[in-house]
Amino acid sequence: MPTNNEIAKILSETADILEIQGAIVFRVRAYRNAARVIENMTDKLSDIVARNPDELNSIRTIGKTLHDKIIEFCETGKVEEFDKLKESLPPGLLEMLKIQSFGPKRVKLVYNKLGIDSVNKLEEAASEGKIRVLPGMGEKSETKILKSIRDFRTLQTDRKPWAEAEEILQNYLGYITKIDGIHHIQPAGSFRRCRESVGDLDILVTCNENAGGIIQHFAEYPEVLEILAQGETKSSVVLKSKIQVDLRVVKPESFGAAMQYFTGSKEHNVALRALAKDKNMKLSEYGVFQNDESIAGKSEEEVYNAIGLDWIPPEIRENRGEIEKAKNHTLPNLISLDKIKGDLHCHTTHTDGSASLPEMAAAAKKLGYEYIAITDHSKAVTIAHGLSAERLLDEIMEIDKFRGQNPGIYIFKGIEVDIMADGSLDLDDEILSKLDFAIAAIHSRFGMNSDEMTERIVRAIQNPYVRCVAHPTGRLIGERIPYEMDISKIISAAKENDVALEINSSPHRLDMNESFTFQAREAGVPICINTDSHSPDGFLNMRYGINIARRAWCTEDNIVNSWSLGKLKSWFKPPKEVVQCELF
DNA sequence: GCCGTTTTCGGCCCGACTGTTTTCAGTCG
């Protein structure tokens, strides 16, 4: 059965094709809206279809036509009309849409006038000066196209975002475990290490004796596109979703050693084996051996302990100093989802959220949170119906009233205030002073050079009411590269001014990324893990941000929203002391 | 293509930015 992402993808590609063909914008938008809603749903659409297709009718943005198409896709694995649409266009045209500043009109223009039907041909034509003769195009357009194509290529990757890999994996595990005889089944590899993206999936299984049957069953999964290898204890397949999955069947007494071995990373394992050798031991996927005798292997703890180490959490097995710490019993106590006490970035129907303030508060309370901050958009983000000072005052009043009536969860008064091109904010200090805190963010003018962008963000950090910078680099995974900026200067300005940097947990952003977070934590910058939720379901994305934070060695001390309500209240108390930073 | 106290037709988030143009089309969020 297709995943939500796969259904969303087919709808969104239909929208792309219709757009190039010149369909009316609202029809195109209907497909896009549905794709977005489906992508963000927590319930699996294919489950709903299997249970009761009529339930689809209650989902916003899915009407009669899309209802039928989704059922067709779930039942037959394809949508006839989509296949026809796809055949009507050269395949390269859709790829060209991914080039920044290249939309459907321009794709159509270069295709009709110059026969350009691929990114490669577009690049060739642009570098030969053939684009500038077209109406509405000029020399600058060509330069821009060439730069956009370079950016596009750096974003191209075979790896899947972790969240997408997780969905594929969960479905596969659900299928595999239907066969009898499996003792343990666990994912390993970079997925278990929670890397931001995953190249292939590794699954480990222990069983009684039916190894052959399990391997056979594994390869018969209906989503398998190609079987690469199939032996007695190992099979590799490629799924229709274009990801390779390896299954290994191991003996129970070796399960821990195999988990350790196949979880990696390679660098971590090389260092571990060297350490074992120093102690006259041998470490392999079958266990720890001394004089050819197995002394450990059943569990990972046993394996690590046998070579004199504490067990190391998978997320930090990258040979970045964790082995030394495990030796000295000084490994960090990594942050985890259960330590999170609230979410400090979310939206309501006051701007572009889909749920009211009480609904968002109720959803947060249900998760066991002690507090949340409501941070709707400010006026510059017109598309989100951003708040003017007057409308923000209304929201503040609503929060005051809500606080009085709902002792179970504390609502911080916040705003996601926009950083203008010059680093000023689009709301003045007078209104900001009425809030608990402001979280500053960029939503426009992404193309500034590094010096300008760095100065812009540092100026915002130096505003007395700003306590956090949201999605600091602006990257959208697979879609937009991060802004040019000097990360070390941002980090030191944040540190000097005691301003937090955000890990935005949206699976499309994951911004800051792991390396930025690592540097920020080492510098002692407070870190928020927020979801930027626009609906109650959005809160569930927190775990993706947790993955990043754990990989960056963050502990409770580092993570602002694991602090107690009291500690947070006293930290917020605006205005803060501003430290001017020397930039250049 | 979706949706509905404006309800089965006629609306649908809309302003900023860019690069091309002399007033605007295309793209983006």
Side-chain angles (χ1 to χ4, degrees), chain A residues 10-38 56-70 79 81-82 85 96-113 126 131-148 151-152 347 349-354 376-388 391 416 418-422 426 441-448 452 470-471 474-476 479-481 483 504 506 508-509 511 532 534:
Chain A
I10 214 169
L11 295 177
S12 140
E13 281 190 13
T14 304
D16 289 342
I17 298 171
L18 290 172
E19 202 168 19
I20 292 174
Q21 292 183 336
I24 57 164
V25 288
F26 300 110
R27 189 172 164 217
V28 173
R29 199 176 290 172
Y31 278 90
R32 291 246 160 81
N33 288 342
R36 204 184 52 241
V37 165
I38 290 168
L56 287 182
N57 297 330
S58 62
I59 301 170
R60 206 170 36 89
T61 71
I62 299 177
K64 176 82 180 76
T65 307
L66 295 187
H67 171 276
D68 292 350
K69 290 202 160 92
I70 289 165
V79 179
E81 195 187 324
F82 172 73
L85 276 174
M96 283 163 69
L97 276 181
K98 293 182 185 145
I99 306 294
Q100 282 273 332
S101 83
F102 234 72
K105 296 275 165 48
R106 287 181 184 155
V107 167
K108 203 172 164 184
L109 178 74
V110 297
Y111 178 56
N112 287 340
K113 299 277 181 189
I131 301 290
R132 66 184 69 177
V133 300
L134 297 172
M137 299 302 237
E139 218 171 313
K140 276 191 177 171
S141 314
E142 281 175 346
T143 314
K144 200 170 177 180
I145 287 167
L146 289 171
K147 178 183 184 308
S148 296
D151 290 348
F152 165 76
H347 299 269
T349 42
H350 280 272
T351 59
D352 58 349
S354 65
D376 271 309
H377 286 288
S378 57
K379 61 186 181 188
V381 191
T382 48
I383 189 171
H385 196 40
L387 301 176
S388 62
R391 287 177 51 223
E416 183 180 3
D418 243 59
I419 309 175
M420 305 285 87
D422 64 356
D426 71 331
I442 284 175
H443 293 101
S444 61
R445 300 290 301 274
F446 303 133
M448 295 167 73
E452 290 168 344
H471 39 77
R475 69 123 169 219
L476 293 174
E479 284 175 44
R480 187 170 71 208
I481 58 171
Y483 326 133
N504 189 295
S506 161
H508 299 292
R509 290 191 182 270
D511 179 15
D532 199 352
H534 287 68

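The sequence lines fix the lettering, A, B, ..., with proteins before strands; numbering per chain opens at 1.
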For A:H443 and A:H377, I'd like to know if the aromatic rings sit close, meaning centre-to-centre distance below 6.0 Å. yes

Euclidean distance, atom CD1 of residue A:I442 to atom C1' of B:dC28 [Å, nearest integer]: 16 Å

Results of ring pair (Phe, Tyr, Trp, His ring centres under 6.0 Å) for A:F26 - residues two or more places apart only: none

Nearest-Å distance once atom C1' is located in both B:dG26 and B:dT20: 10 Å

Does the protein touch nucleotides 15-20 of chain B at the base, only the backbone, or not at all? Give it as B, S and - per nucleotide, heavy atoms under 4.0 Å. S-SSSS

Sugar-phosphate only, base, or nothing, as touched by A:I24 at under 4.0 Å among non-hydrogen atoms: base

Take atom C1' in B:dT8 and the same atom in B:dG1, then report the distance between them in whole Å. 14 Å

Could you work out which one of B:dC13, B:dT27, B:dC2 sits closest to the side chain of A:K105? B:dT27

Quick one: which of B:dC2, B:dG29, B:dC12 gets closest to the side chain of A:Q100? B:dG29

Euclidean distance for C1', B:dT22 against B:dC28 (whole angstrom): 24 Å

Between P on B:dC2 and CD1 on A:I38, what's the gap in Å once rounded to a whole number? 11 Å

Going by heavy atoms in the side chains, are A:H471 and A:D532 under 4.5 Å from each other? yes

B:dG29 to B:dC13 separation - C1' atoms, rounded to the nearest Å: 11 Å

If you measure from the C1' atom in B:dT23 to the same atom in B:dT18, how many Å do you get, rounded? 15 Å

Look at the side-chain N and O atoms of A:R480 and state whether any lies under 4.0 Å from the OP1 or OP2 oxygen of B:dG29. yes

Residues in side-chain hydrogen bond (donor to acceptor under 3.5 Å, both in side chains) contact with A:K69, at least two apart in sequence or another chain: A:Y31, A:E81

Would you kindly give the CD1-to-P distance between A:I20 and B:dT27, to the nearest whole Å? 10 Å

Using atom C1' of each nucleotide, how far apart are B:dC12 and B:dC17 to the nearest Å? 24 Å

Taking salt bridge (Lys or Arg N to Asp or Glu O under 4.0 Å) as the definition, give me every residue that meets it alongside A:K147, ordered by chain and number, with sequence neighbours left out. A:D151

Among all residues two or more places apart in sequence or in another chain, which pass the salt bridge (Lys or Arg N to Asp or Glu O under 4.0 Å) test with A:D16? A:R32

Give me the distance, rounded to whole Å, that separates B:dG10 from B:dA16 when you measure between the P atoms they each carry. 31 Å

Watson-Crick or G-U wobble partner for B:dT8, using a 3.5 Å limit on both distances? none

B:dG1 C1' sits how many Å from A:N57 CG, rounded? 14 Å

Write down the distance between CZ (A:R29) and P (B:dC2), rounded to a whole number of angstrom. 15 Å

The criterion is salt bridge (Lys or Arg N to Asp or Glu O under 4.0 Å); which residues satisfy it with A:E452, sequence neighbours excluded? none

